[in-house]
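Inspection log for the structure reproduced underneath, given as structure tokens.
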Amino acid sequence: MKEMFISKFGSAPKFYVRAPGRVNLIGEHIDYCGYAVLPMAVEQDILIMVEPVKTQVIQLANTNPLYLDFSTSVNNIQINQTKPLWHNYFLCGLKGIQEHFGLNNPTGMNCLLDGTIPPGSGLSSSSALVCCAGLVTLTANGKTLSKVELAEICTKSERYIGTEGGGMDQSISFLAEEGTAKLIEFNPLRATDVKLPSGAAFVIANSCVEMNKAATSHYNIRVMECRLATKLLSKSKGLAWKKMLKLQDVQVELGFSLEEMLTIVEEVFHPEPYSIQEICKCLGISLEELRTQILSQNTQDVTTFKLYQRAKHVYSEAARVLEFKKICSEAPANAIQLLGELMNQSHISCRDMYECSCPELDQLVDICLQFGAIGSRLTGAGWGGCTVSMVPTDKLTSFLKNVKQAYYRTDDQRLALENNSLFATKPGGGALVLLEA
């Protein structure tokens with residue numbers, strides 16, 4: 001890679017930055033609702049070689065020939081939301097740091113990027129790239145920030161590309177530590193070690209259905225459904241609904257447990273989808289007010305929203321995360337069994353209530369359970385990407401062999417991707433800077 005850098009830019013890199021992808025063990029689609037999640041970093045990462053330069057130009061190149069070179073002036077960062085091209089994610093991280101420090105004269109850079117996280121796999125390659133670019137820009141400009149500050153800036157700056165993420169991916173990329181998963185809580189952002197049980201391996205299996213988060217409206221519609229559910233729940237309970245944004249806000253304001261929130265969801269919402277007209281009527285606002293004050297740019301054309309199903313998923317999934325952490329802390333004799341059941345419940349809720357699965361993911365989960373996984377679920381945004389399964393260590397070899405046979409060897413496209421698609425993983429470390437010796 002260093003040779004490639006030199007042949008591309010005519011000089012050697014001064015430092016390297018790496019930022020890992022992640023697998024979320026439990027707690028899907030709840031970070032943007034304010035709730036804690038339980039991910040771990042994977043060993044796969046984004047690596048960027050950097051040489052700060054005197055010109056005010058950023059030159060980006062990629063070791064993968066499918067990703068085209070790109071260059072731009074550091075003073076005129078334009079991020080095209082309609083095209084989620086790889087360099088736009090780099091520009092998000094760059095712009096976040098520039099704006100945080102109000103850098104009037106940011107340094108130019110030559111950068112060569114290499115990545116081992118499969119794109120569109122739900123292992124957070126895009127957020128790892130944003131985080132890596134943020135740390136590159138910070139280092140090249142001689143600035144310092146805490147890991148927590150970096151995570152918060154990169155979470156905000158990824159929104160330049162139109163993804164309304166909640167902060168899990170950026171937080172684990174910076175706050176991960178080798179050998180432990182993390183419970184990540186928000187407002188304020190903090191991470192607590194979660195010791196996973198010995199005797200089980202976590203296996204990632206890629207469905208080979210690629211999901212491009214920024215290019216699809218699914219994700220942003222779910223974010224909006226949760227926001228609308230927040231507003232209607234607040235209004236029904238006589239709270240100041242206009243300033244409520246997240247489902248967790250309602251729980252905090254009412255001082256109720258997650259179980260009590262689930263009861264309220266049953267009382268307040270009907271399972272049938274809500275039309276825009278009904279939502280306006282419930283909130284006592286005009287269609288114009290809904291469109292300008294609540295709906296985001298990319299949900300203006302949606303005509304129906306499922307509020308009951310989304311709120312039910314969020315409150316039950318938030319409870320599963322806390323239960324998962326408790327089991328890991330207390331380590332009962334049947335911990336693996338109990339954690340597996342929580343993972344299975346999580347997948348069913350993602351599939352039926354949040355509707356963020358797809359036929360291939362469901363098939364893959366079934367195959368994993370059939371061949372010895374105690375728990376298996378989709379991980380990441382869904383609609384494609386990966387599953388994560390908890391497999392007893394003594395069954396690991398036969399599990400990998402059988403899943404390969406049943407899912408990957410039955411399809412040419414999957415067969416081609418097989419080698420990087422199925423692997424056991426251990427909790428890896430977080431983002432870091434390495435100086436060129």
Side-chain angles (χ1 to χ4, degrees), residues 18-46 117-118 121-132 147-148 150-152 154-155 158 163 165-187 189-197 200-206 211 213 219 314 317-329 339 342-343 346-347 349-350 354 356 375-382 385-390 423-431:
R18 61 89 59 174
R22 61 97 192 96
V23 57
N24 191 21
L25 300 176
I26 197 153
E28 225 54 81
H29 285 281
I30 62 174
D31 57 344
Y32 54 76
C33 296
Y35 285 109
V37 290
L38 214 153
M40 66 185 194
V42 291
E43 289 141 27
Q44 286 84 348
D45 58 12
I46 299 280
I117 312 166
S121 63
L123 300 178
S124 225
S125 57
S126 50
S127 296
L129 175 47
V130 174
C131 293
C132 211
K147 290 176 178 182
V148 165
L150 269 166
E152 288 180 327
C154 289
T155 297
E158 192 167 328
T163 310
M168 163 174 60
D169 304 343
Q170 299 81 1
S171 305
I172 190 67
S173 198
F174 285 115
L175 302 173
E177 290 179 82
E178 207 170 321
T180 177
K182 295 276 183 179
L183 177 79
I184 293 188
E185 299 168 274
F186 303 97
N187 327 316
L189 177 60
R190 55 206 185 280
T192 315
D193 289 2
V194 177
K195 189 173 171 5
L196 298 171
F202 286 90
V203 177
I204 295 171
N206 192 342
M211 188 266 170
K213 196 160 50 180
Y219 185 89
V314 170
E317 186 78 348
R320 282 187 283 273
V321 171
L322 300 179
E323 187 58 26
F324 197 99
K325 160 89 167 53
K326 184 165 165 261
I327 294 164
C328 288
S329 304
L339 296 174
L342 289 171
M343 290 173 75
S346 171
H347 183 75
S349 184
C350 285
Y354 221 73
C356 61
S376 188
R377 56 182 292 278
L378 67 83
T379 184
C386 289
T387 62
V388 58
S389 301
M390 188 168 57
F423 52 90
T425 188
K426 296 188 290 293

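The figures that follow rest on heavy atoms only: side chains count, while hydrogens, waters and symmetry mates do not.
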Checklist entry - Can you list the steps and then say if Val130 with Gln170 is a side chain to side chain contact (heavy atoms under 4.5 Å, CB included)? => result CA-CA 8 Å; Val130 174; Gln170 299 81 1; 5.5 Å; no
Item to check | Salt bridge flag under 4.0 Å for residues Lys426 and Glu178 | outcome: no
Next on the checklist: Working to the nearest 0.5 angstrom, can you tell me the gap between Cys328 SG and Leu38 CG?
Outcome noted: 6.5 Å
Checklist entry - What are the two closest heavy atoms between Gly429 and Pro20, and how far apart are they? => result O-CG, 3.4 Å
Checklist entry - Does a side chain donor of either Ser346 or Arg377 reach within less than 3.5 Å of an acceptor in the other side chain? => result yes
Checklist entry - Which atom pair, heavy atoms only, marks the closest approach of Val42 to Ile204? => result CG1-CD1, 3.7 Å
Item to check | Audit row: Thr155, Met168, side chain to side chain contact (heavy atoms under 4.5 Å, CB included) steps and yes/no | outcome: CA-CA 8 Å; Thr155 297; Met168 163 174 60; over 6 Å; no
Item to check | Set of residues satisfying ring-ring contact (aromatic ring centres under 6.0 Å, His included) with respect to Tyr32, sequence neighbours excluded | outcome: His29, Tyr219
Checklist entry - To the nearest 0.5 Å, what is the distance between CD1 (Ile26) and NE2 (His347)? => result 12.5 Å
Checklist entry - Just how far is it from atom CZ of Phe174 to atom CG of Leu150, taken to the nearest 0.5 Å? => result 4.5 Å
Checklist entry - Hey, what do you get for CD1 (Ile184) to CG (Asp31), rounding to the nearest 0.5 Å? => result 9.5 Å
Next on the checklist: Give me the atom names and distance for the closest heavy-atom approach of Ala41 to Ile172.
Outcome noted: N-CG1, 3.8 Å
Checklist outcome for this item: Which of Met40, Glu43, Arg22 passes side chain to side chain contact (heavy atoms under 4.5 Å, CB included) with Pro427? Answer is Met40
Next on the checklist: Is the shortest side-chain heavy-atom distance between Lys182 and Asp193 below 4.5 Å?
Outcome noted: yes
Checklist outcome for this item: On a heavy-atom basis, the closest approach of Glu28 and Cys350 is CB-SG, 3.8 Å
Item to check | Polar side-chain atom of Ser127 near backbone of Ser124 as donor-acceptor pair, under 3.5 Å | outcome: no
Checklist outcome for this item: Distance col, row Gln44:CD vs Ser125:OG, nearest 0.5 angstrom, shows 11.0 Å
Item to check | Closest heavy-atom pair and its distance - Asn206, Gly385 | outcome: OD1-O, 3.4 Å
Next on the checklist: Given Pro39, which partner from the list Thr379, Asp169, Val194, Asn24 fulfils the side chain to side chain contact (heavy atoms under 4.5 Å, CB included) test?
Outcome noted: Asn24
Item to check | Closest heavy-atom pair and its distance - Ile117, Gly21 | outcome: CD1-N, 3.4 Å
Checklist entry - Can you find a heavy atom in the side chain of Phe202 that is under 4.5 Å from one in the side chain of Met343? => result yes
Checklist entry - Which value, rounded to the nearest 0.5 Å, describes the distance between Leu342 atom CG and Phe324 atom CZ? => result 7.0 Å
Item to check | Arg320 bridged to Glu317 by N-O distance under 4.0 Å | outcome: yes
Next on the checklist: Using side-chain heavy atoms (C-beta onward) and a distance below 4.5 Å, is Leu378 in contact with Val388?
Outcome noted: no
Item to check | Working for side chain to side chain contact (heavy atoms under 4.5 Å, CB included), residues Leu339 and Met390 | outcome: CA-CA 8 Å; Leu339 296 174; Met390 188 168 57; 3.6 Å; yes
Next on the checklist: Apply side chain to side chain contact (heavy atoms under 4.5 Å, CB included) to residues Leu183 and Val321 and explain how you reach the verdict.
Outcome noted: CA-CA 8 Å; Leu183 177 79; Val321 171; 3.6 Å; yes
